[in-house]
Amino acid sequence: MDPHVFVLFGATGDLAALKLFPALYRVSQRDGAPPPAVIGVGRSDWDDTTLQDAAVDALTEADVDEGEAREWAESALRYARVEAYDQLGPVFETAEALEAERGLDGNRVYYLALPPSTFPGTITALGEYEEDRGTVGEHVPDDAPWVRLVIEKPFGHDLASAQELNRIVHEHFPENAVYRIDHFLGKETVQNLLVFRFANAFFESAWSRRDVERVEITVAETNDAAGRAGYFDGVGTMRDMIQNHLTQLFSLTAMEPPARLDAEGIRREKIKVLRSTRTARSNETVLGQYGPGAGHDEGYRDHEGVPEDSRTDTFAAVRLHLDNWRWQGVPFVLRTGKRMAERLTEIAVVFRRPPITLFQASGGCDPERNVLRLRLQPNEGFTLSFDVKTPGDGFGVSTRELSFRYEDTFGPFPDAYETLLRDVAEGDPTLFVHAEEAEEAWRIYHAVLDNTDIEVHPYESGGWGPDAAGRLVEAPPPEES
Ligand code: NDP
């Protein structure tokens, strides 16, 4: 990990307090990490002390000892105040002064934890400055400092805006300097998908249309959009969750083994999955919006700031089809919702039944259909359901589970942001979203975004979403492509 200055745009914001200060602290505690030099940037009337106090609060909230938090914040953090995020003179002056003071070589990370409306102006201002500094552009000397640009989600709000944002980024920065965040990729259990699939030949050999009937990917949240209407209304779960997080889980589940376990090898296979995925159709998309229920008197439209005729989806389910050799004819159902019965992220691989059913179920179970459930949160691990003979019951069959829980074997996981910030500092883009991936993911959903022909079904808070979503799992996949 080379010494560098980490410039955090949006240092006064929620993400900085919730995730980024704790992650920066933990990365800097690792063996061999250089002393941290962080510049927080904001328009707020803060100074070094205000920023350091905010970081100490954030760290103690994340269970860091207050004395250690204070020592770290005072040595690591400086504040640069800007009038606007495309007028960055104070940022560059602070960075240059810090580099001179500490004898640093000029390597920098720019992390945009800002509202997406500011991305184009900030990226352009950074790009012009870095071109002048000679770190990007046509003739970059071999010994020039490195620069890495980290962009928070959402990357665009549809295909055209993602393409335009990529154009602005690439006007100044080469793709290998760009780190688009999807924090799901930083989760240990998401990375374990690759190990699970490609280190266990037993599963991999059954991982195709021959043995798999369908795959269900679920991200259920118990939280709601109260207090976040300003951001969430008009965005909805299709954009906020399906296009990014669930589509990442989908491509990791469906991809071919990479030729090499590096960024290029893995991203190439993920992009191939997205390219071979048909555009989602309105008759295979179910949208929902929560009403009251489970102790909540208010539904979505009752939240402050939400129009009473809002069509924003707080639940979305979509059935995807791939045209490739491995998955032809196997539906992938992606679904996510707010105010659901429980918090759960899971990939369920539902295997085909044997060609002939010989046995009877006991106790109302569904015999002879194995289901592998990869639990990404909570209770990370997996279960595999399988059938056994019920003792003393002729050839009656009942379904039981083999299970593994991480918690029983390993200690706590690092937070996703800690993993991602460490990878940025080390220059490893494997767990970040490539430009083409971002665009392909928007392409898949372009026909169902803002499509007013799709009904938005009301559903009760505390349940599993609209009943209509069930048909996506039950109905046979349509014939036509
Ligand atoms: P905030 O709304 O807290 O904004 C971050 C900072 O940006 C603010 O402190 C403010 O700083 C500045 N800002 C806010 N509104 C504007 C505006 N209209 N124009 C210019 N500057 C503005 O955002 P978050 O910290 O919640 O999120 C930052 C990024 O991270 C976003 O892209 C978000 O989608 C993403 N993200 C956030 C998550 C979270 O849990 N919060 C989770 C995952 C991703 P100042 O006024 O000092 O300039």
Side-chain angles (χ1 to χ4, degrees), residues 7-24 39-48 50-51 53-55 57-58 61-62 77-91 94 109-126 149-157 161-162 165 169 178-187 190 219 221 223-246 248 305 336 338 343 345 377 415-421 424 431-433 438:
V7 183
L8 173 55
F9 290 93
T12 59
D14 288 344
L15 186 67
L18 195 64
K19 294 289 181 186
L20 299 176
F21 289 129
L24 282 165
I39 299 174
V41 183
R43 298 166 310 166
S44 302
D45 187 14
W46 286 22
D47 57 18
D48 290 353
T50 337
L51 179 71
D53 289 347
D57 287 348
E61 194 68 26
L77 300 182
R78 301 285 178 276
Y79 187 66
R81 185 175 174 212
V82 293
E83 292 296 321
Y85 286 103
D86 55 1
Q87 295 169 33
L88 303 182
V91 178
T94 312
V109 173
Y110 295 117
Y111 193 114
L112 308 193
L114 291 170
S117 56
T118 63
F119 289 169
T122 311
I123 292 167
T124 303
L126 288 173
L149 175 67
V150 189
I151 306 174
E152 259 299 338
K153 74 155 208 179
F155 195 85
H157 59 272
S161 56
L165 191 51
V169 167
V178 183
Y179 294 69
R180 294 174 196 77
I181 295 254
D182 185 321
H183 70 266
F184 263 48
L185 290 174
K187 292 177 189 281
V190 173
V219 180
E221 301 183 303
N223 62 1
D224 57 28
R228 293 179 63 219
Y231 162 71
F232 188 75
D233 196 67
V235 174
T237 45
M238 201 77 200
R239 284 192 164 90
D240 196 39
M241 299 293 292
I242 297 254
Q243 183 274 344
N244 40 51
H245 305 322
L246 280 92
Q248 285 292 335
T336 181
K338 297 191 180 300
R343 176 173 164 261
T345 300
Q377 65 186 23
D415 183 73
Y417 275 94
E418 181 184 339
T419 304
L420 295 175
L421 290 191
V424 172
L431 302 179
F432 296 82
V433 180

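All ligand and atom numbering here is 1-based and tracks the order in the structure. Side chains included, hydrogens not; waters and symmetry mates left out as well; all remaining heavy atoms used. Remember, it's a predicted structure, so these values are computed and weren't measured experimentally.
Within 6.0 Å of CD on Glu61 lie no more than 12 heavy atoms contributed by other residues, nucleotides or ligands.
Residues Gln248 and Val190 fail the side-chain proximity criterion, which asks for heavy atoms closer than 4.5 Å. For the pair Asp48/Arg78, a side-chain contact is recorded, criterion being any heavy-atom separation below 4.5 Å from C-beta on. Between Val424 and Phe432, the closest side-chain pair of non-hydrogen atoms falls below 4.5 Å.
Considering only non-hydrogen protein atoms, atom 34 (O) of ligand 1 sits nearest to Lys153 O, 2.8 Å. Among all non-hydrogen protein atoms, the one lying nearest atom 26 (O) of ligand 1 is Asp14 CB, 3.5 Å. When hydrogens are left out, the protein atom nearest atom 31 (C) of ligand 1 is Leu114 O, 3.3 Å; that is the closest non-hydrogen contact. The shortest contact between atom 6 (C) of ligand 1 and any protein heavy atom is with Gly10 CA, 3.9 Å. The shortest contact between atom 48 (O) of ligand 1 and any protein heavy atom is with Tyr85 OH, 2.6 Å. Among all non-hydrogen protein atoms, the one lying nearest atom 43 (C) of ligand 1 is Tyr417 OH, 3.8 Å. In this structure, atom 2 (O) of ligand 1 lies nearest to the protein heavy atom Pro115 CG, 4.9 Å.
Close approach of ligand 1 to Ser44 (heavy-atom distance below 4.0 Å) involves ligand atoms 45 (P), 46 (O), 47 (O). Heavy-atom contacts of Thr118 reach the following atoms of ligand 1: 19 (N), 20 (C) (cutoff under 4.0 Å). Counting the atoms of ligand 1 from 1 in the order shown, those under 4.0 Å from a heavy atom of Pro154 are 34 (O).
Ala225 and Phe232 get closest at one heavy-atom pair: CB-CD2, 3.7 Å. Here the closest heavy-atom approach between residue Ala16 and residue Pro22 is recorded as O-CD, 4.0 Å.
Shown here, atom 23 (O) of ligand 1 is out of close reach of the protein: none of its heavy atoms lies under 4.0 Å off. Of the protein's heavy atoms, at least one falls inside 4.0 Å of atom 15 (N) of ligand 1.
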Subject >> Audit row: Asp182, Lys153, salt bridge (charged side-chain N to carboxylate O under 4.0 Å, His left out) steps and yes/no >> reply: CA-CA 7 Å; Asp182 185 321; Lys153 74 155 208 179; over 6 Å; no
Q: Test Leu51 against Phe21 for side-chain contact (heavy atoms from CB on, under 4.5 Å), laying out the working first.
A: CA-CA 10 Å; Leu51 179 71; Phe21 289 129; 3.8 Å; yes
**Report entry** Test log, rule side-chain contact (heavy atoms from CB on, under 4.5 Å), inputs His183 and Tyr417
**Finding:** CA-CA 7 Å; His183 70 266; Tyr417 275 94; 3.7 Å; yes
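Across Thr12, Leu15, Asp240, Ile181, heavy-atom proximity to atom 27 (O) of ligand 1 is greatest for Leu15. Comparing heavy-atom distances from atom 44 (C) of ligand 1 across Lys19, His245, Glu152 singles out Glu152 as nearest.
Between Arg43 and ligand 1, at least one N/O pair is under 3.5 Å apart. The shortest N or O to N or O distance between Gly13 and ligand 1 is under 3.5 Å.
Partner of Phe9 under the side chain to side chain contact (heavy atoms under 4.5 Å, CB included) criterion, chosen from Ile39, Val150, Val41: Val41.
Residue-level proximity to ligand 1 for Trp46 is absent, since no heavy atom of it falls below 4.0 angstrom.
Looking at Asp53 and Thr50, their side chains never bring a donor and an acceptor atom within 3.5 Å of each other.
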